[in-house]
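Let me begin by presenting the structure, written as structure tokens, before commenting on it.
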Amino acid sequence: MEIASWNVNSIKARLDHVKNWLEKRGPDILLLQELKGVDFPTETFRALGYESVAVTQKAYNGVAIVSRFPVKSVSQSLDGLGVDTHARFLEVIIKDLRVVNIYLPNGNPIGTEKFEYKLDWMDRLRVQMERWLTSEIATVVGGDFNVIPEDIDCHKPASWIGDALFQPEPRERYRGLLELGYIDAFRSLHPSEKGQFTFWDYFRQAFEHNRGIRIDHFLLSPGLSSRLKSCVIDKIPRRLPKPSDHTPIVLTLD
DNA sequence: ATGTCAGAGGCACTCTGA
């Protein structure tokens, strides 16, 4: 079972990239983030052999799951006080797995209500993830977490010091999810590999210099550890003309 | 502060978010 995650920074602008990549890599499931529009090209994916579920909003955010296997929709928003008006969460059941796609709030700039929203969102995510641990179904939470977990996950910590993605509060919350027992699939298989990133700024040839950050993650419930086969970052789409600023991460489970 | 890209509104170009 191959599950991929890709923040595409507009599905409309990136549809050819996504189609070509699906045809080439052929994962069973693809989690998409930052669709940036209300129209989702369901028919395009159906023609490629994938069914899809999407939660969208005008101009911003938006997440979708496309799958070769039947998808049973469970929830389109994170539980908690108040209604989340942002399209950032999608929980489905595919085969024997709970598959959760998240686009965690960016939170910049720090010291604003945007940063508070990010922390609140992470607290609510934690509550859900604790709940899932008590269920019989194994859980994969994937997507754009907008968190740089450790110093090793960025090219130069000093240049991210004032950024919401690198603040102690979100990083502590991310570590808290690991303390619950969830496994960071990529880091567990590559414990000390440096320079492994999923996002590079469009500015100043960041990709060419590998000045990036690792913010797209797969967290696995503990029972999946024995099924974890590989987790790799596919940098090829980031080299194409007009790329997303993120590149896909691909998880393989037995 | 800068750098680049995408969408929205509305038809030139600024604004927002990332």
Less than 6.0 Å separating the ring centroids of A:Y174 and A:F145?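 Yes - the distance between ring centres of A:Y174 and A:F145 falls below the 6.0 Å cut-off.
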
Using a cut-off of strictly less than 4.0 Å, decide whether A:R14 has a side-chain nitrogen or oxygen near OP1 or OP2 of B:dC5.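 Negative; the distance criterion is not met.
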
Whole angstrom is fine here: how far is it from [atom1] in [X] over to [atom2] in [N]?
X: A:R211; N: B:dT2; atom1: CZ; atom2: P; value: 19 Å
X: A:D201; N: B:dA6; atom1: CG; atom2: P; value: 14 Å
X: A:H17; N: B:dA6; atom1: NE2; atom2: C1'; value: 14 Å
X: A:H209; N: B:dT4; atom1: NE2; atom2: C1'; value: 16 Å
X: A:R204; N: B:dT2; atom1: CZ; atom2: C1'; value: 6 Å

Using atom [atom1] in both nucleotides, what's the gap between [N] and [M] to the nearest angstrom?
N: B:dG3; M: B:dT14; atom1: P; answer: 14 Å
N: B:dC15; M: B:dG10; atom1: P; answer: 15 Å
N: B:dG7; M: B:dC11; atom1: C1'; answer: 15 Å

List every contact pair, protein side and nucleotides 9-18 of chain B side both N or O, where the distance is under 3.5 Å.
{"residue": "B:dG9", "atom": "OP1", "partner": "A:K58", "partner atom": "NZ", "Å": "2.8"}
{"residue": "B:dG17", "atom": "OP2", "partner": "A:K114", "partner atom": "NZ", "Å": "3.3"}

Taking only residues two or more places apart in sequence or in another chain, which ones pass side-chain contact (heavy atoms from CB on, under 4.5 Å) with A:P222?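 With neighbours one apart ignored, the set is A:L133.
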
Might you point out which heavy atoms bring A:V100 and A:L31 nearest each other, and give the distance in Å?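 Where A:V100 meets A:L31 most closely, the heavy atoms are O-CD1, 3.9 Å.
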
Apart from A:V74 itself, what residues make up its hydrophobic cluster when side-chain heavy atoms of I, L, V, M, F, W and Y under 4.5 Å apart count as a link, directly or indirectly?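 Grouped by the 4.5 Å side-chain rule, A:I93, A:I137 form the rest of the cluster around A:V74.
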
Answer with yes or no whether the side chains of A:N7 and A:D216 bring together a donor and an acceptor at under 3.5 Å.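 Side-chain D/A pair, A:D216 to A:N7: absent.
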
Ignoring hydrogens and angles, state whether a donor on the side chain of A:N106 or A:K114 is under 3.5 Å from an acceptor on the partner side chain.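 The answer is no; no qualifying pair exists.
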
